[in-house]
Structure formats: structure tokens, C-alpha cells
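Contents: one structure, followed by commentary.
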Amino acid sequence: MAGFRFIALDADDTLWHNEPLFVAAQDRFREILGRYDDVDAIEARLYETEKRNLEVFGYGVKGFTLSMIETAIELTGGAVTGAGIQEIINLGVDMLRSPVELLDGVQETVEALAQQYPLMLLTKGDLLHQENKLARSGLGDHFSVIEIVSDKNARTYESVMLRHGVDPTAFLMVGDSLRSDVLPVLEAGGTAAHVPYPTEWIHEKVPEDALAGRSFARLESIRDLPRWLDELS
Ligand SMILES: [Mg+2]
């Protein structure tokens with residue numbers, strides 16, 4: 001058994017599918033705006049609005065929905081109707097209510113890991129939505145600690161480790177995002193394993209040179225995690 005006192009797992013696109021919901025919502029958003037004249041570069045404008053709003057709304061579906069509404073008003077020059085706004089709100093509600101689909105291998109891997117290590121779920125986003133997803137995932141009993149944070153930077157990881165009395169050398173983070181689950185963990189002195197998801201939100205991308213000299217595990221699937229841990233010990 002590798003010498004980790006905690007294995008922390010990201011949730012969205014690490015345990016359950018998430019990014020496809022956002023992609024599908026953006027497709028429907030484009031259809032709604034397509035009824036108005038001269039509306040183009042929708043994705044780019046939406047991303048600009050989201051980025052600008054992150055610091056006030058935080059991550060998650062609710063902030064995303066407000067950003068869609070704001071983008072719709074901007075791009076249509078105020079012509080979007082009340083009914084159009086309602087459709088956008090419904091998009092957000094559908095996302096919040098959509099079923100939780102676990103990634104391949106998650107159920108058995110999380111079950112097996114929980115026999116050997118204390119597991120921490122460490123995710124950012126809307127508190128209520130993440131709690132609901134965890135409850136619906138059926139995985140809740142395998143985690144001894146749940147941390148839902150507003151952002152994942154080195155300070156966040158340091159305070160999580162401090163809160164749970166874990167030395168950084170005994171902390172492993174596993175997740176799909178280099179920006180949120182890998183680089184800040186290394187900066188905080190911990191160990192990271194990257195398990196990429198097929199699609200990635202542009203906001204989570206990092207340039208390849210930001211990875212130069214950084215040492216972390218690259219796993220193809222969460223199924224590879226127990227074997228990698230065995231090899232470490
Ligand atoms: Mg993720």
C-alpha cells in the first residue's frame with residue numbers, strides 16, 4: 001500500500017460525466033439564439049461572459065445559466081424575449097436535474113480503493129448541485145471526507161490538507177484537469193495523477209510548457225489507479 005494518508009478524487013469528468021452536458025446545452029443555446037438576426041461567435045462570447053463572471057458567480061451550472069442569459073441579451077441587443085430567457089433557464093434546470101452517469105470503471109475502482117485508503121471527494125462548483133450528484137451517484141458511502149470548494153488552487157489544497165491534518169507528502173489527488181487537479185496540487189507539495197477526459201472545457205486547458213519539469217502520473221483510465229498505487233508501494 002502506497003504511503004498516502006488520503007486519496008482525493010475530483011468528481012466532474014473524473015467520477016461522472018459532466019462536460020457533455022455543457023456541450024449539449026451550448027448546442028441548444030445556439031438554436032435559441034439562431035432565431036435572432038446577426039448572431040454569431042456565440043461560443044466565444046459565452047466563454048468571455050463566463051470567464052468574466054467566474055469571480056462573482058463561481059463554477060457550476062447556475063453561474064453558467066446566468067452567463068447564457070447575459071450573453072443572449074448582449075448578442076441580441078436586448079431583443080431576446082421573456083420566452084427565450086425562460087428557455088435558457090429551462091436549459092439550466094435540465095442540466096441540474098440530469099441523471100448522474102458514472103464513467104467506466106469508477107464504481108469498482110472506488111469500491112476497491114475505499115478498502116485500502118481513506119477517500120476524499122474534492123470538487124468545485126455549486127454546493128447543492130454537487131451534493132445532489134454525489135447522493136445520486138451512489139458513491140457517497142465510500143468517501144470519508146467531502147470537500148466542495150469554490151476554486152482549486154494551491155491555497156485551496158494547502159487549506160484542505162491543513163484542515164484534515166495531512167502532510168502534503170501523504171496526499172494524492174486524482175482528476176481530469178491539469179489546471180485544477182494536477183498543477184496546484186504539485187505546487188502545494190502533494191502528488192497528482194491525471195486521468196484525462198475525452199473532452200475538456202477550454203478554461204481547464206494549460207499550455208504544454210506549463211508542464212515542463214512537473215512530475216505526475218498520467219493514467220489512461222481510473223481503472224489503472226490501483227495498479228499504479230501497487231507499483232508505488
Ligand atoms: Mg473534473
Side-chain angles (χ1 to χ4, degrees), residues 6-26 47 50-51 54 57-65 67 92 95-96 98-107 109-110 113 119-140 142-143 145-157 160-161 171-188 190-207 210-211 214 216-225 228:
F6 258 115
I7 296 182
L9 295 156
D10 168 57
D12 292 335
D13 297 324
T14 297
L15 300 180
W16 49 69
H17 297 280
N18 176 65
E19 187 58 20
L21 281 180
F22 281 83
V23 173
Q26 287 193 44
Y47 179 55
E50 276 186 275
K51 223 169 34 173
L54 270 180
F57 297 154
Y59 290 91
V61 171
K62 283 181 261 179
F64 175 68
T65 307
S67 291
M95 289 174 79
L96 291 168
S98 64
V100 173
E101 284 181 47
L102 298 185
L103 270 74
D104 181 49
V106 161
Q107 180 79 45
T109 304
V110 168
L113 287 176
L119 299 185
M120 179 188 296
L121 184 91
L122 179 43
T123 178
K124 63 184 192 230
D126 292 324
L127 177 62
L128 178 65
H129 188 210
Q130 295 293 18
E131 285 175 344
N132 281 340
K133 284 191 284 189
L134 179 62
R136 280 180 278 161
S137 74
L139 295 173
H142 300 303
F143 290 93
V145 171
I146 312 294
E147 285 280 356
I148 300 166
V149 295
S150 49
D151 199 2
K152 284 168 156 179
N153 53 43
R155 302 296 86 73
T156 319
Y157 285 103
V160 165
M161 291 178 205
F171 182 88
L172 168 67
M173 178 72 201
V174 181
D176 69 294
S177 166
L178 291 167
R179 177 193 171 110
S180 300
D181 304 317
V182 174
L183 293 178
V185 179
L186 302 179
E187 197 185 326
T191 304
H194 183 225
V195 187
Y197 188 79
T199 51
E200 190 178 35
W201 182 29
I202 180 172
H203 185 70
E204 297 290 339
K205 289 188 197 300
V206 297
L211 304 177
R214 311 291 178 137
F216 58 93
R218 296 173 188 252
L219 306 176
E220 242 175 67
S221 152
I222 198 162
R223 286 184 192 282
D224 302 333
L225 189 56
W228 176 74

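In listed order, ligands and their atoms are each counted from 1. Hydrogens, waters and symmetry mates are skipped; everything else that's a heavy atom, side chains included, is used.
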I'd like to know if the side chain of Asn153 pairs up with that of Thr156 as donor and acceptor (distance under 3.5 Å, no hydrogens or angles considered). yes
For the Mg ion (ligand 1), which protein N/O/S atoms fall under 2.8 Å? Skip waters. Asp10 OD2, Asp12 O, Asp176 OD1
Quick check: do Phe171 and Met120 have side-chain heavy atoms less than 4.5 Å from each other?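 Result yes, sub-4.5 Å side-chain heavy-atom pair found.
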The single option from Val185, Leu186, Leu172 passing side chain to side chain contact (heavy atoms under 4.5 Å, CB included) against Thr191: Leu172
If the condition is salt bridge (charged side-chain N to carboxylate O under 4.0 Å, His left out), which residues does Arg218 pass it with, not counting sequence neighbours? none
What pairs meet the salt bridge (Lys or Arg N to Asp or Glu O under 4.0 Å) rule with one or both residues in residues 125-136, with sequence neighbours excluded? Asp12-Lys133
Could you give all pairs that pass the salt bridge (Lys or Arg N to Asp or Glu O under 4.0 Å) test and reach residues 15-24, with sequence neighbours left out? none
